[in-house]
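One structure is given below, encoded as structure tokens.
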Protein chains: 2
Amino acid sequence: MDWDVVGQRSETVRRANLSAIVRELHLRGPLSRSELVARTGLTRSAIRVLLGELVAADLVSEDRRAHLGTPGRPSPLVHANPTTAVVLALDIAVDSCAVALVGFGGEVLALQRVDRPRGHLSVADTIADLVQLAGPVLAPTRGSDALIAVGISVAGIIRRPDGLVRMAPNLGWRDVALANQLGGALGVQVPISVANEADLGALAELRRGSAVGLDDVLYLSGEVGVGGGLIVGGRPLTGAAGYGGEVGHFPIRPDGAPCHCGSVGCWETEIGERALLRQAGYDQGGGRDQVDALLADAATGSPSALAALAAVGRWLGIGLAGLVNILNPQIVVLGGLFHRIHPFVAATIETELDRLALEASRALVRIVPSMLAEDAPLLGAAEMAFDALLSDPAGYLGRFEPLAAAGGV
Amino acid sequence: MDWDVVGQRSETVRRANLSAIVRELHLRGPLSRSELVARTGLTRSAIRVLLGELVAADLVSEDRRAHLGTPGRPSPLVHANPTTAVVLALDIAVDSCAVALVGFGGEVLALQRVDRPRGHLSVADTIADLVQLAGPVLAPTRGSDALIAVGISVAGIIRRPDGLVRMAPNLGWRDVALANQLGGALGVQVPISVANEADLGALAELRRGSAVGLDDVLYLSGEVGVGGGLIVGGRPLTGAAGYGGEVGHFPIRPDGAPCHCGSVGCWETEIGERALLRQAGYDQGGGRDQVDALLADAATGSPSALAALAAVGRWLGIGLAGLVNILNPQIVVLGGLFHRIHPFVAATIETELDRLALEASRALVRIVPSMLAEDAPLLGAAEMAFDALLSDPAGYLGRFEPLAAAGGV
DNA sequence: AACATTTGGCAGAGAGGATCACAAACCCGT
DNA sequence: ACGGGTTTGTGATCCTCTCTGCCAAATGTT
């Protein structure tokens, strides 16, 4: 049921403390030793020993910090080494594919995104595209042990914990064991995890974006469909099998239009890309270019474009009011399509929230556009890939030591 | 952000292990020592030392178990002592008030419920009623240190962590600091926690009811209003300030009827008690008696009663489909009103779920009536009151020792 | 230049669980 | 009834990890 039904021992303490240090350095950036002491509540001695191991493993480095004018012996600045441990992140979106190499500490060492024609691309073709894209990005890591994991974001319903792609309607996929196939194609031997694009967008905003430091977050993702990523009490809501967060398929208008999912009146049918384009009189299947055109027209005051945005904004507000009531989040982050239309819908959303949401929850929530924009799911995939290192650094300490690896015991 | 940013030490390990043992005994009932060894993963030696402390504090006892036919030395049965540590639970519902005394291990030592006329009862009157009700129940604990905490369930929106009753529309309360007032009136010096009735119903079903052993649970509560209690990843979803779970106010029919909360088309306006009674042609304000009459009529085949139940069942299914999509729970537990009408709506709900919910999540969820029925929130309040003991038993070890208490150090 | 302040370094202490050998208590077969 | 096999409780000792306390180092201040 939870971690605490399993017995703890001294080793557990070490692991937790090492994890706390590594997590702080990865998430909050460089810190002095004394700041680490303050943050973790450990003593200088304990920090020293633990840091010693991390330094020996080349995961972190200590630098003499420039004098900062305070009395007392200066504390060296500890920072994560971005090239000792890196992860590969992949994003399989509807209009594009992307790949990134992210170093421990969060530095983005490389990032490539290519647009793709919309439509049902086969799994094999997609994998070929990704391998081609990842090749040069991955090149610097060949021959070293720096690559520790791969994370993949997919616009679809993904089963946890095995990462099976149960259904990706906009890709035309069903029950695809993506991790296995990609692992072989990429020629990497590290763990590969797959997750839903919205869930990873939420994780990215939580760790690197507009929700840093918060515990209860709703990330709303708009690709062709509408997805949601939920952070509850500081941790991702996955549900029983990883299918949680599908807010786009709440039947918000049960007498409304049929949804491609088989249901009727889903929120997506009112706020999705197709709904927006249809109401504004654009080609529903046109995708990204059509949305660009719509936004350009709206900027020049086109009444039909503005009316369509107002309608979508209204339905956005209605649905968000319900979700705010259910989840009582501190922040709602608008990603994807909603990030792009945010300037045109922000006021309407606030109005609807005032009208419909419970006062207590309403007063606490802010609605903001995504900070990471299009790259949120990609960077979230990287963060997911770092999770194993962050929660148990001890398991990784042996693998980076360049000297100890050569010599025997 | 989370527990693991704070440094761990040996003492933490002891606390966690003690907590694991106490939790197992409280939640799973009597276990042999060897079963505890298996469950916690600790060694016999460690279990022995930890149990020694618990026995010395009189929190648990060891009995020679009746021989059970297996070879090897028999392992003594360890069980929680129900009278060493007890909690008082109070339930302030719309139609009734209840009080219970629950012992460590979960035994209900006393339970009293009294009906109350519906309407706006003052805080002072309610407190007086509760004190009168609690008096005899609490009598056996006077003069001892057995009472460790009080938990209160209220049909309203409660702020965490201080338990302020922000709004209880069916009681007519607003911003009531209930814990302070009740503590004085009851004459107890122990911590008092207050929480929402649906949240506690969910907790009770998770620990003692139909959701035992599950991690993702939606408890749907129907008093006059409709509330929800969510268990996500094994722990309660509270949201940023404790207001989470208000599923009754999802705008499921935005062109529908105004809700007393100020919004329009809330789920509650379609499935709440008033909606049920209205559609069946009964007095909306009649409350419990009217519902009983409706159910009796439905049992004899009354078309209007059955039609109203069918309509409510349909809207129940529609809303649950959305919630199942969002939360991907393993189980949905119907409490309160929905527990009572379950036989009449179960089939309709399942049909609507088949029609509207995403296949992946739909396949995993079961819809069941509450096992604990009317007492779920009350028993949940008791479980909440036990939380401090379960998560840090070490803090309580000193207070029960009858011998050590007398002699000083 | 002397002092105050903060921090790193290091040895010893303390806490807590694991290990291991042994004894106790049960079963079963003869 | 008796001895072997099996499982479990007991207790001494060991191992791991952090804390405590003292000293040295590095900086600012007077």
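Sequence lines set the chain letters: A, B, ... in the order given, protein chains first and strands last, and positions in each chain run from 1.
Residue contacts for A:Ser45: at a heavy-atom cut-off of 4.0 Å it reaches a base atom on one of the strands shown. Among the atoms of the strands shown, base atoms are found under 4.0 Å from some heavy atom of B:Thr43.
For A:Ile47 and C:dT6, the CD1 to P distance is 19 Å, given to the nearest whole Å. Counting to the nearest Å, the C1' atom of D:dT18 and the CD atom of A:Glu11 are 15 Å from each other. Between the CD atom of B:Glu35 and the C1' atom of D:dG9 there is a distance of 16 Å, rounded to whole Å. Here D:dC17 presents its C1' atom at 14 Å from CD of A:Gln8, a figure rounded to the nearest Å. One interatomic measurement links the two molecules: CZ of A:Arg48 to C1' of D:dC17, which rounds to 14 Å at whole-angstrom precision. Nucleotide C:dG16 holds its P atom 12 Å from the CG atom of B:Leu397, rounded to whole Å.
In terms of polar N and O atoms assigned as donor or acceptor, the side chain of B:Arg44 comes within less than 3.5 Å of the base of D:dG9 in a complementary pairing.
Scanning all heavy atoms of the two residues, the minimum distance from B:Gly106 to B:Arg208 falls at CA-NH2, 3.5 Å. Nearest heavy-atom pair across B:Val37 and B:Leu42 is CG1-O, 3.3 Å.
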When you check every protein heavy atom under 4.0 Å of nucleotides 24-30 of chain C, what one-letter string (B, S, -) results, 5' to 3'? BBBS---

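Put simply, A:Ser75 has a side-chain N or O that comes within less than 4.0 Å of OP1 or OP2 on C:dG8. Taking side-chain N and O atoms only, B:Arg9 has no distance below 4.0 Å to OP1 or OP2 of C:dG17. For A:Arg33 and C:dG9, the shortest distance from a side-chain N or O to OP1 or OP2 is below 4.0 Å. For the OP1/OP2 pair of C:dG16 and a distance below 4.0 Å, the side-chain nitrogens and oxygens of B:Asn17 include no atom meeting the criterion.
Distances were taken from every side-chain heavy atom of A:Val13 (C-beta onward) to each of D:dT18, C:dA18, D:dT16; the shortest belongs to D:dT18.
Ion pairing between a basic and an acidic side chain is recognised when a charged N comes within 4.0 Å of a carboxylate O; A:Glu62 and A:Arg33 show such pairing.
The side chain to side chain donor-acceptor pair (under 3.5 Å) check on B:Gln330 picks up nothing, with sequence neighbours excluded.
Side-chain contact between B:Ile148 and B:Val87 is present, with at least one heavy-atom pair separated by less than 4.5 Å. Looking only at side-chain heavy atoms (C-beta outward), A:Leu203 and A:Arg207 come within less than 4.5 Å of each other.
In this structure, CZ in B:Phe104 is found 5.5 Å from CG in B:Leu59, a value given to the nearest 0.5 Å.
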